[in-house]
Structure formats: structure tokens, C-alpha cells
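Here's the structure, in C-alpha cells; my notes come after.
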Amino acid sequence: MARANAAYYARRDPFADFATAPEISQMFGEILGAWVAVTWQGMGRPDPFLLVEAGPGRGTLMADMQRLLARVAPDCHAAAAIHLVETSPRLRAVQAGALDGRGVRPVAWHDRIEDVPDGPTILLANEFLDALPIRQFVRTAEGWDERFVQGMAFVTRPASDLPPGAPLDRPLPRGEVLEVCADALGVARTIAARLRRAPGVALFVDYGYDGALWGDTLQALRDREPAWPLADPGQADLTAHVDFACFAAAARAAGADIHGSVTQGALLTGLGLFVRAEQLARGRPPVEAHAIRDAAQRLAAPDRMGRLFKALVVASPGLPPPPGFAPASHQGAMP
Ligand code: SAH
């Protein structure tokens with residue numbers, strides 16, 4: 001599955017198959033740009049700092065954030081050195097186009113988070129973790145089987161190894177599936193170690209669950225329609241829901257603080273999404289105003305992306321919680 005997904009991101013245009021939050025509306029990047037500015041203030045305004053995005057796709061989120069920062073937080077914009085973690089050469093070229101002329105410093109690309117140089121950091125990752133390969137384990141009377149792909153079918157065999165950090169204590173009934181994303185746990189540990197060396201905050205937004213849950217969530221999307229995950233490897237987008245509890249536990253065990261998770265709806269609403277939507281809609285023709293309000297609903301309404309998508313912060317020990325993750329009475333004002 002790892003290889004099928006790498007082939008997919010290298011070859012196909014993923015955004016023909018699904019729409020991510022930054023592609024739905026510029027408001028997503030603007031709200032998170034304001035979040036970056038306030039988080040940067042909370043870190044003591046380090047200059048320079050690394051503004052890192054993992055899995056930036058078309059570069060839309062970073063471009064929208066940069067535009068907002070240049071306008072409302074020029075000090076933060078000037079201090080930010082952009083580092084993008086992206087494996088696909090084709091998407092790197094798209095990102096370069098989207099960010100051309102937006103920043104003060106040249107953009108740097110890296111294959112892995114480990115390769116990003118040390119320093120004060122604000123990292124964002126939207127729909128990055130769900131693209132990483134998972135393994136599926138099935139609870140048996142004696143222990144665990146693992147599901148493998150053989151030809152066009154799934155087969156199960158007794159598991160020969162279980163990834164460190166897998167939540168094996170969850171009370172799964174026999175026959176139920178536990179998904180483990182060892183790569184995501186590796187990201188959690190890498191980021192936690194990084195944030196212990198220098199101050200920083202990392203925001204992960206993705207769809208998934210937070211709690212001692214389980215179940216088979218592997219899905220394939222092709223041309224916006226669900227597809228059979230094993231058909232035509234490399235032609236469909238393969239994803240699984242993110243296990244935020246397991247991810248948070250790995251980061252915490254590696255010495256980082258955790259804030260959240262909160263739902264995407266609560267985060268964006270708390271940071272002023274609907275206020276921004278009204279600002280943008282004002283004075284527009286009714287059709288455009290309706291589209292703006294509908295995009296805000298799509299991002300934040302519980303029955304759309306608002307509840308399934310969650311946001312989790314991994315932070316250096318002792319930093320104040322970033323905006324949207326603090327008790328309401330302590331929340332900083334947005335610029
Ligand atoms: N954040 C973007 C794109 C999400 S798609 C958005 O919200 O629109 C997932 C992104 O992660 C793509 O850019 C893909 O090429 C990248 N990606 C997938 N696996 C990766 C890996 N192992 N390392 C680095 N980037 C990866």
C-alpha cells in the first residue's frame with residue numbers, strides 16, 4: 001500500500017479525486033494564517049523561524065497563509081522561512097508556482113520531516129497523516145492476525161511482529177480490525193524530539209477518531225467516487241482514518257505536550273471562520289455570497305467536515321496552548 005500511494009501522488013492529480021479544506025475555500029488558509037501569527041507571538045516572536053508544511057499538495061494552504069500574514073502580520077511574514085516536506089516532484093513544481101513571490105526568503109523542499117533543519121518551528125499538516133500507509137491487525141482468540149494483500153484479495157496470517165506503540169490494550173472483540181500507522185507514529189516521535197530541541201508547535205488536521213476505538217477504515221477514492229482499494233494500484237487515493245489517540249500517545253511518550261484534539265468545526269468557528277465569511281460575502285452578488293457561506297458550512301458544520309475532521313497540536317513542553325486549544329477565557333485575540 002505504501003508503494004501504491006507513492007505512485008498515486010507521483011502520477012495522478014489527487015485533487016481530481018477529492019477536495020481538501022484549502023481547496024474548498026481561501027478562508028481555511030486565512031484562518032490558519034492568523035493562527036500562525038498568534039502562535040508565533042506566544043512563542044516570543046522568534047526571528048527567523050521555520051514555517052513548515054508537511055504534504056502541502058498544491059501549495060494552496062501555504063499561499064493563502066502567506067497572503068494573510070503579509071497583510072496583517074508583516075513581522076511574522078518577514079521572519080518565516082518556508083520549508084515544505086513533499087515527496088512528489090510533480091507536486092513540488094505546483095507548490096513552487098503557487099508560492100512564487102509570496103515569501104521573503106526562498107522556499108526549501110525536503111523528502112522527510114527529519115531533513116528539516118532545527119530551529120524554532122511552526123508546522124502544519126492538513127490531510128497528511130491519512131495518506132501514510134497502515135497495517136491492519138485482526139483480533140483472534142490467541143492474539144493477532146495481520147491482513148495482507150494477495151493478488152486482488154485480502155488474506156490473514158498470524159502477525160509476526162506488532163509495531164511499537166500499537167494500542168493493543170483496546171478491548172476489541174474477536175474478528176475486529178485494529179489499524180496501526182507506524183509511519184504516523186514515527187512522525188509523532190520525530191516531531192516531539194524536534195520540539196524538545198527548539199521551541200515549536202505542530203498542528204495536525206485530518207479526519208479520524210480520538211479515543212480507544214477500532215475498525216476497518218481503509219478506503220479508496222477515484223474520480224471522487226469510492227473504489228475497491230485493491231483495484232488498479234496507484235490509480236486511486238488510498239486513505240485511512242487517523243487514530244489521534246495513538247498518535248498523541250506516541251508524541252507524549254517522546255516528551256511533547258499535546259493540546260486537543262478539537263473538532264475542525266470548533267477550531268475554525270472559534271478562530272472566526274463565520275465572521276470572515278460574512279466579511280467576504282458583504283457586498284457580493286447573492287450567488288457569490290451564498291457560495292462563500294456554503295464553503296464555511298462545508299468546512300465547519302458537524303454533518304459535513306466539521307466533526308469528522310479533527311485538529312491536534314504537538315508542542316514544546318511548557319509553551320502556552322495555541323489559539324483554539326486553550327480554555328475560552330484564556331484565548332488570545334486574533335489579529
Ligand atoms: N495538504 C494538502 C494535500 C493533502 S494530500 C491539502 O490539504 O490539500 C497529501 C500530501 O502529502 C500530498 O502533497 C502528497 O504528495 C504528500 N505526501 C504523501 N505521502 C508523503 C510522504 N510519505 N512524505 C511526504 N509527503 C507525502
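Since this is a predicted model, take the numbers as computed values, not measurements. Whatever order the structure lists ligands and atoms in, that order sets their numbers, starting from 1. Start at 1 with the first residue, then count along the sequence.
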Exercise for review: Under 4.0 Å from a heavy atom of Gly57: give me the atoms of ligand 1 that qualify, with their elements.
Suggested key: 2 (C), 3 (C), 13 (O)
Practice item. Could you list which atoms of ligand 1 come closer than 4.0 Å to a heavy atom of Leu91? Key: 12 (C), 13 (O), 15 (O)
**Study point:** Distance-only side-chain donor-acceptor flag, Tyr207 / Thr239, under 3.5 Å
**Key:** yes
Check your understanding: Under the side chain to side chain contact (heavy atoms under 4.5 Å, CB included) criterion, do Trp144 and Leu178 qualify, and how do the steps go?
Key -> CA-CA 9 Å; Trp144 299 92; Leu178 179 71; 3.8 Å; yes
Review point. Any N/O of Asn126 closer than 3.5 Å to an N/O of ligand 1?
Key: yes
Point to revise | Residues Gln95 and Arg92: side-chain donor-acceptor under 3.5 angstrom | key: no
Review point. Quick one: do Arg174 and Asp145 make a salt bridge, cutoff under 4.0 Å?
Key: no
Revision key, fill the gap. Atoms of ligand 1 under 4.0 Å from any heavy atom of Pro22, numbered from 1 in the order shown, are 6 (C), 7 (O), 8 (O)
Check your understanding: Is the shortest distance from a heavy atom of Leu61 to ligand 1 less than 4.0 Å?
Key -> no
Exercise for review: Number the atoms of ligand 1 from 1 as they appear, then name those within less than 4.0 Å of a heavy atom of Leu132, with their elements.
Suggested key: 22 (N)
Study note, to complete from the structure: Grouping ILVMFWY residues whenever side-chain heavy atoms fall under 4.5 Å, the cluster of Val177 otherwise contains Val138
Practice item. Under 4.0 Å, heavy atoms only, figure out whether ligand 1 is touched by the backbone of Thr60, its side chain, both or neither. Key: neither
Exercise for review: Establish whether Val104 and Trp109 are linked, either directly or via other cluster members, by ILVMFWY side-chain heavy-atom contacts under 4.5 Å.
Suggested key: no
Study note, to complete from the structure: Short version for Thr20: what comes under 4.0 Å of ligand 1, heavy atoms counted, is side chain
Exercise for review: Would you mind listing which atoms of ligand 1 come within a distance below 4.0 Å of any non-hydrogen atom of Glu86?
Suggested key: 12 (C), 13 (O), 14 (C), 15 (O), 16 (C), 25 (N)
Point to revise | Those residues that, when tested against Asp118, pass salt bridge (charged side-chain N to carboxylate O under 4.0 Å, His left out) (two or more places apart) | key: Arg194, Arg197
**Study point:** contact_flag Asp183 ligand 1 heavy-atom lt 4.0 Å
**Key:** no
